[in-house]
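All figures in this text were calculated on a predicted structure; none of them were measured in a lab. So that the names make sense, note that chain A is the first sequence line, chain B the second, and so on, each numbered from 1. Note: hydrogens, waters and symmetry copies are ignored here, and every other heavy atom, side chains too, is used.
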Protein chains: 2
Amino acid sequence: MDAIDRKIINRLQQNARVSLKELAKECYISPPTISARIRHMEKSGVIKNYYTLIDPKKAGYHIKAFINVKVEPADKAAFYTYIRDVPNVLECNCISGEFSMLIKVIFESTELLDSFINSLQKFGKTNTQIVFSTPVDVRGIHLSE
Amino acid sequence: MDAIDRKIINRLQQNARVSLKELAKECYISPPTISARIRHMEKSGVIKNYYTLIDPKKAGYHIKAFINVKVEPADKAAFYTYIRDVPNVLECNCISGEFSMLIKVIFESTELLDSFINSLQKFGKTNTQIVFSTPVDVRGIHLSE
DNA sequence: AGTGAAATGAATCTGTA
DNA sequence: TACAGATTCATTTCACT
């Protein structure tokens, strides 16, 4: 990971579909070299995925929420298995504090969110925070070059 | 937004760098049509961005956390302006409940996280949850086709 | 909206330093 | 690790359904 790799990453985070040719121009090295560097970062796991951010509302998902769940350590494995297969779960983190899990979800309606929260009760107490607005949406880290 | 558009979106969410040719094959329509559909979804705002997910730890960011901040309505505009320019902020949502803001951040060290939390005190009380693990990392919504 | 075929443009492969 | 040139491959444009 040198300055050029960081520059490539910054650019890919802004636009994952940028061409190798443009990256080559911006980094003052040839396209084959850019290609090799990207492949290398994919293999080493620095680059995990190329992802498309869509507008959930325009896709019919009007409710976004964060749900805190208090899961006992013994139930964690079962919880992970369950949560991974629910497509409405956009992210799940294991965190410090009274509630051990923080999951980000989107749903078409409050009714569906409610029914999902009910399904979580078998794992433990929940606390739900509804999203009103998103002043900063999912974005990357700007690495210093 | 028909079934083909949803299929394109599902595929782009899995891999934003997939070629038009492959999308064309999978959707049984020609590359120019795929291209036109994608352009259309970009213009209408359904597709917001193509984003690269990197491994923060491999980039030197070892601490991930969620910070709840209690911001008075009158201070929101100033808070948004501040938060938007902090590159360590990966997401910021305005939410229901006692704390009005939920921000996701990454830092190189706990010291830097601590100093950031201090800088937030002028906006209101904070409550920080450190991330131990991420069983489900940032992902897209699977649209039914 | 959709297509096929031509033209353009980009990515990969081979050679080489 | 990097490159330049040749080849292969993908994307865009355009005339037409």
Checklist entry - By side chain to side chain donor-acceptor pair (under 3.5 Å), which residues pair with A/K58, not counting sequence neighbours? => result none
Item to check | Distance test, side-chain N/O of B/T33 to OP1/OP2 of C/dG2, below 4.0 Å | outcome: no
Would you be so kind as to tabulate the donor-acceptor pairs closer than 3.5 Å made by side chains of residues 59-70 of chain B, with sequence neighbours excluded?
unit_1: B/K64; atom_1: NZ; unit_2: B/T134; atom_2: OG1; d: 3.2
unit_1: B/N68; atom_1: ND2; unit_2: B/N127; atom_2: O; d: 3.3
unit_1: B/K70; atom_1: NZ; unit_2: B/E98; atom_2: OE2; d: 3.4

Next on the checklist: According to side chain to side chain donor-acceptor pair (under 3.5 Å), who are the partners of A/N88, at least two apart in sequence or on a separate chain?
Outcome noted: none
Using a cut-off of under 3.5 Å, enumerate the N/O to N/O pairs linking the protein to nucleotides 12-17 of chain C.
unit_1: C/dT12; atom_1: OP2; unit_2: A/S35; atom_2: OG; d: 2.9

Checklist entry - Where is the tightest heavy-atom contact between A/A16 and B/A16, given as atom of each residue plus distance? => result CB-CB, 4.1 Å
Item to check | Sequence-distant partners of B/T33, side chain to side chain donor-acceptor pair (under 3.5 Å), two or more places apart | outcome: B/S30
Item to check | Side chain to side chain, B/K125 and B/F99, heavy atoms closer than 4.5 Å | outcome: yes
Checklist entry - Using Watson-Crick pairs (N1 to N3, plus N6-O4 or O6-N4) and G-U wobble pairs, both distances under 3.5 Å, which stems of at least 3 pairs involve DNA chain C? => result C:1-14 with D:4-17
Please output the side-chain donor-acceptor pairs of residues 113-120 of chain A that fall under 3.5 Å, not counting sequence neighbours, one pair per line with the distance.
unit_1: A/S119; atom_1: OG; unit_2: A/Y82; atom_2: OH; d: 2.7
unit_1: A/S119; atom_1: OG; unit_2: A/F116; atom_2: O; d: 2.6

Checklist outcome for this item: Residues passing the side chain to side chain donor-acceptor pair (under 3.5 Å) test with B/Y50, sequence neighbours excluded, are B/E42
Checklist entry - Mind checking which nucleotides bracket the chain A contacts on DNA chain D, 5' to 3', with an atom under 4.0 Å from a heavy atom? => result D/dA2 to D/dC3
Next on the checklist: Once ring-ring contact (aromatic ring centres under 6.0 Å, His included) is applied, what residue pairs with a partner in residues 126-145 of chain B remain, sequence neighbours excluded?
Outcome noted: none
Checklist entry - Any donor-acceptor pair under 3.5 Å linking the side chain of A/N93 with the backbone of B/V131? => result no
Checklist outcome for this item: Numerically ordered, the residues 10-18 of chain B set in heavy-atom contact under 4.0 Å with DNA chain D is none
Checklist outcome for this item: In short, salt bridge (charged side-chain N to carboxylate O under 4.0 Å, His left out) pairs touching residues 20-40 of chain B with sequence neighbours left out are B/D2-B/R37, B/D5-B/R37, B/R11-B/E22, B/R11-B/E26
